[in-house]
Each structure stands twice: as structure tokens, then as C-alpha cells.
Amino acid sequence: MVGLYMLHQIKTKIPEIASDLNGIYRDDGLIKMRNTSGRFRENITKKLHSLFRSHGLKITVAGTGPQANYLNVTLNLSDKTYQPYSKPNDSSIYINARSNHPPRVLKNIPESVQRRIQDISSSKDIFDKSKQGYEKKLGENGYNKTLHYNDVTTSKKKKKKKKKKK
């Protein structure tokens, strides 16, 4: 709710960027500004700091180029691509394959990781470049799985069978 409130505040108190793409998720925010002159950015940054400070919040404004790391994705607005991103100190931990979790849960870990990486990769090439780190982490936790890019247009979804009523 705070995120929605702050988006509303940004749109009403800083109308210069009201029409730009804005998003806030928990403690991460993203604003794409069309006017990229240095003075304009500086002015908007000051207004954002002031607005957040008036609500007892602090923000860090970073980035001036066409690329942004937002949540777990790097967005490139120049070539309209996106790829997985993890913070430099990130150490993902997966459930060990030899743990006492139900077999169905353990079986789905590598598939879930594969699906997540594919969902945040704009192409097969980006997926292939990104998968090595994830495969290594899975291997460290006892999974022997090579991650593969599944073309969405050719993947088959399971259809539920309808029960016949008597």
C-alpha cells in the first residue's frame, strides 16, 4: 500500500514525470524519464528526495543510461532486451536434493529455476549465457540437471481430463 501511495504522490507532486513509466515494488522503484538533460534529472532527483523525506523515507537515485537493474532483471531499453540479474553479494540457496522434503518438491526445484530464468530472459542466447551460475548452484545442492531453453510456442501444456458424470 505504501508503494501505491508513493506512486500517487510522485504523480501529483512531480507532474513533470507523471506520464513516464513508474513502478515501485517493496523497496525498489523504477522511473523512465523521457527528458534526459542533466539539469532536468538533477531537478527531479531533488524533488524525489524531498518528497520521500517528507514521509520519513530515504531513497537512492541511480542510473542515467538506457539500462536498469530492477528486482532480478536487467532491462535494456535501447535494444528492448532483458536478462537475469543478481546483486553482487547474492548467494542463492536451493533445497538440497538429499533433504527430507517430498520427492515432488525436490523434482520441481530444477524445473522451477529453469522456468524462472527463461521467463526473465528475452532470448535463447541470453538464457544460455545466464544459466551457468544457476546450474553450478543446483549442482552444489545435489541436482544433476542441465538447464534447457524451451521455446514457448512449441511447449505443450498438460490438459486436464474431464471426469465423466454418470
Side-chain angles (χ1 to χ4, degrees), residues 1-11 17 19-34 48 52 55 57-165:
M1 294 302 264
V2 173
L4 287 174
Y5 175 74
M6 291 308 296
L7 274 176
H8 175 71
Q9 289 290 296
I10 290 168
K11 287 182 180 197
I17 59 172
S19 64
D20 292 335
L21 176 65
N22 300 298
I24 293 180
Y25 179 77
R26 294 188 182 187
D27 65 344
D28 285 324
L30 185 67
I31 297 174
K32 177 189 174 264
M33 293 190 282
R34 291 181 180 94
L48 286 168
F52 276 74
H55 293 287
L57 301 169
K58 292 181 183 179
I59 62 165
T60 303
V61 177
T64 57
Q67 186 168 305
N69 297 324
Y70 185 64
L71 303 173
N72 65 341
V73 182
T74 296
L75 305 166
N76 188 322
L77 301 175
S78 293
D79 59 11
K80 296 183 171 113
T81 61
Y82 50 94
Q83 63 189 24
Y85 167 74
S86 56
K87 294 181 180 177
N89 299 340
D90 180 47
S91 59
S92 298
I93 300 171
Y94 298 114
I95 298 170
N96 193 289
R98 293 173 289 284
S99 72
N100 64 352
H101 285 75
R104 187 176 196 169
V105 170
L106 297 174
K107 180 181 178 263
N108 283 319
I109 299 285
E111 279 131 22
S112 296
V113 171
Q114 177 176 295
R115 189 170 39 255
R116 183 171 60 88
I117 298 167
Q118 182 168 332
D119 287 348
I120 58 176
S121 296
S122 60
S123 70
K124 182 182 184 314
D125 290 336
I126 290 174
F127 175 87
D128 289 339
K129 289 176 188 172
S130 305
K131 72 178 184 175
Q132 290 85 15
Y134 295 94
E135 287 176 337
K136 182 181 178 201
K137 283 286 184 186
L138 287 168
E140 290 170 359
N141 286 285
Y143 298 96
N144 187 18
K145 168 88 171 152
T146 302
L147 303 177
H148 298 285
Y149 185 87
N150 294 324
D151 188 7
V152 178
T153 58
T154 60
S155 65
K156 295 177 183 177
K157 292 185 178 181
K158 294 180 181 178
K159 292 183 180 180
K160 292 183 179 181
K161 293 182 180 180
K162 292 182 181 180
K163 292 182 180 180
K164 293 180 181 179
K165 292 184 181 181

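Applying the 6.0 Å contact sphere to NE2 of His55 captures more than 12 heavy atoms from other residues, nucleotides or ligands. Within 6.0 Å of atom CG in Asp79, more than 12 heavy atoms from other residues, nucleotides or ligands are found, so the atom counts as buried in its surroundings.
The shortest distance between side-chain heavy atoms of Asp119 and Tyr82 does not fall below 4.5 Å. The shortest distance between side-chain heavy atoms of Glu111 and Asn108 falls below 4.5 Å. At least one side-chain heavy atom of Ser99 sits under 4.5 Å from a side-chain heavy atom of Leu106. Residues Asp125 and Tyr149 have side chains not in contact (no heavy-atom distance under 4.5 Å, counting atoms from C-beta outward). Side-chain contact between Thr146 and Lys131: present, with at least one pair of heavy atoms (C-beta onward) separated by less than 4.5 Å. Proximity of His101 to Ile109: side-chain heavy atoms (C-beta onward) are nowhere separated by under 4.5 Å.
Residue Tyr143 is tested with Val113, Asn96, Ile95 for a side chain to side chain contact (heavy atoms under 4.5 Å, CB included); the sole match is Ile95.
Asn69 contributes atom CG, which lies 10.5 Å from atom CG of Asn76 (distance to the nearest 0.5 angstrom). Atoms NZ and OG, from Lys136 and Ser92 in turn, are 12.0 Å apart once rounded to the nearest 0.5 Å. Interatomic distance, CG of Asn150 versus CZ of Arg115, reported as 10.0 Å (0.5 Å rounding). Taking CD of Gln9 as the reference point, atom CG of Leu57 lies at 11.0 Å (rounded to 0.5 Å). Summarising the geometry, atom OH belonging to Tyr94 is positioned 9.0 Å from atom CG belonging to Asn141; distances are rounded to the nearest 0.5 Å.
Of all the heavy atoms in Leu147 and Glu135, the pair that sits closest is N-OE2, 2.7 Å. Here the closest heavy-atom approach between residue Ser122 and residue Ile126 is recorded as OG-CD1, 3.2 Å. Between Ala68 and Leu30, the shortest heavy-atom contact is CB-CD1, 3.9 Å. Taking each heavy atom of Gly142 and Ala97 in turn, the nearest pair found is O-CB, 3.4 Å. Here the closest heavy-atom approach between residue Ile120 and residue Asn72 is recorded as CD1-O, 3.5 Å.
Of the possible polar contacts, none joining the Tyr85 side chain to the Leu75 backbone as a donor-acceptor pair under 3.5 Å is found. Using modelled atom types, one side-chain atom of Gln114 and one backbone atom of His148 make a donor-acceptor pair closer than 3.5 Å. Using a distance-only test at 3.5 Å, with no hydrogens or angles considered, no donor-acceptor pair links the side chain of Lys145 to the main chain of Pro110.
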